[in-house]
Amino acid sequence: MKWRENKLAIREDMAVAAAEILEAVGAKDVSPFIQKTDPGFTIHEMGTARMGRDPKTSVLNGYNQSHDIPNLFVTDGACMTSSSCVNPSLTYMALTARACDYVAHEMDLGHF
């Protein structure tokens, strides 16, 4: 994993927007703060196990199941290749619920 142009631009935009919000509510002498960290040292990092239909271009299928390891499901943000500046936790929960429903259905059919 490494930071790419889009993530760096989002990080910069968030810092500028936060400073603008603080100034709009009356804060003085505000300057944007951008903490430069290596991947793995912040929260809500995404995109290390892309979701998709083609095993050649993705790691997970639409149920967050590994293309290569059938009993492996990854339901955190790894399947999401990008995000906005909002908290993605509800999306993680929805992805997990969908994966669990799929596993239960497949178990009923005797596939696991």
Side-chain angles (χ1 to χ4, degrees):
M1 176 183 180
K2 67 179 180 176
W3 298 128
R4 299 205 184 257
E5 185 178 335
N6 185 51
K7 291 290 185 189
L8 296 173
I10 288 172
R11 180 172 64 183
E12 171 111 10
D13 183 62
M14 288 189 314
V16 170
E20 289 171 350
I21 290 168
L22 289 170
E23 288 174 342
V25 297
K28 304 289 183 208
D29 299 319
V30 177
S31 61
F33 172 73
I34 300 173
Q35 183 176 7
K36 296 181 180 177
T37 60
D38 292 327
F41 289 97
T42 58
I43 59 172
H44 303 312
E45 293 168 340
M46 301 175 171
T48 56
R50 178 185 297 259
M51 180 193 291
R53 291 185 178 99
D54 185 352
K56 293 177 184 171
T57 59
S58 61
V59 175
L60 306 173
N61 69 18
Y63 296 103
N64 290 73
Q65 179 183 24
S66 168
H67 289 298
D68 295 332
I69 306 168
N71 66 340
L72 174 64
F73 290 79
V74 180
T75 62
D76 64 1
C79 69
M80 304 164 91
T81 58
S82 186
S83 71
S84 67
C85 60
V86 297
N87 188 325
S89 297
L90 292 176
T91 303
Y92 298 163
M93 292 168 63
L95 290 169
T96 301
R98 181 174 65 183
C100 290
D101 183 63
Y102 172 75
V103 169
H105 177 72
E106 291 296 299
M107 288 179 74
D108 285 347
L109 296 175
H111 296 160
F112 282 110

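Here the structure is a predicted model, which means the values were calculated and not measured.
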Note to self: Taking CZ in F73 as the centre, count heavy atoms belonging to other residues, nucleotides or ligands within less than 6.0 Å. Is the count above 12?
What the structure shows: yes
Margin query: Determine whether a donor-acceptor pair (N or O, by modelled atom type, separation under 3.5 Å) exists between the side chain of H67 and the backbone of K56.
Written below: no
Atom pair [atom1] ([X]) and [atom2] ([Y]), whose distance is rounded to the nearest 0.5 Å:
X: L60; Y: Q65; atom1: CG; atom2: CD; value: 9.0 Å
X: E23; Y: D29; atom1: CD; atom2: CG; value: 9.0 Å
X: R11; Y: W3; atom1: CZ; atom2: CH2; value: 7.0 Å
X: L8; Y: E12; atom1: CG; atom2: CD; value: 9.0 Å
X: D76; Y: N64; atom1: CG; atom2: CG; value: 8.5 Å
X: D101; Y: R98; atom1: CG; atom2: CZ; value: 10.0 Å

Nearest heavy atoms of [X] and [Y], plus distance in Å:
X: T75; Y: L95; value: CG2-O, 4.2 Å
X: R50; Y: T57; value: CD-O, 3.2 Å
X: F33; Y: A15; value: O-CB, 3.5 Å

Next item on the list: Over 60° means perpendicular and under 30° means parallel, so classify the ring planes of Y102 and F112, tilted if in between.
Entry: perpendicular
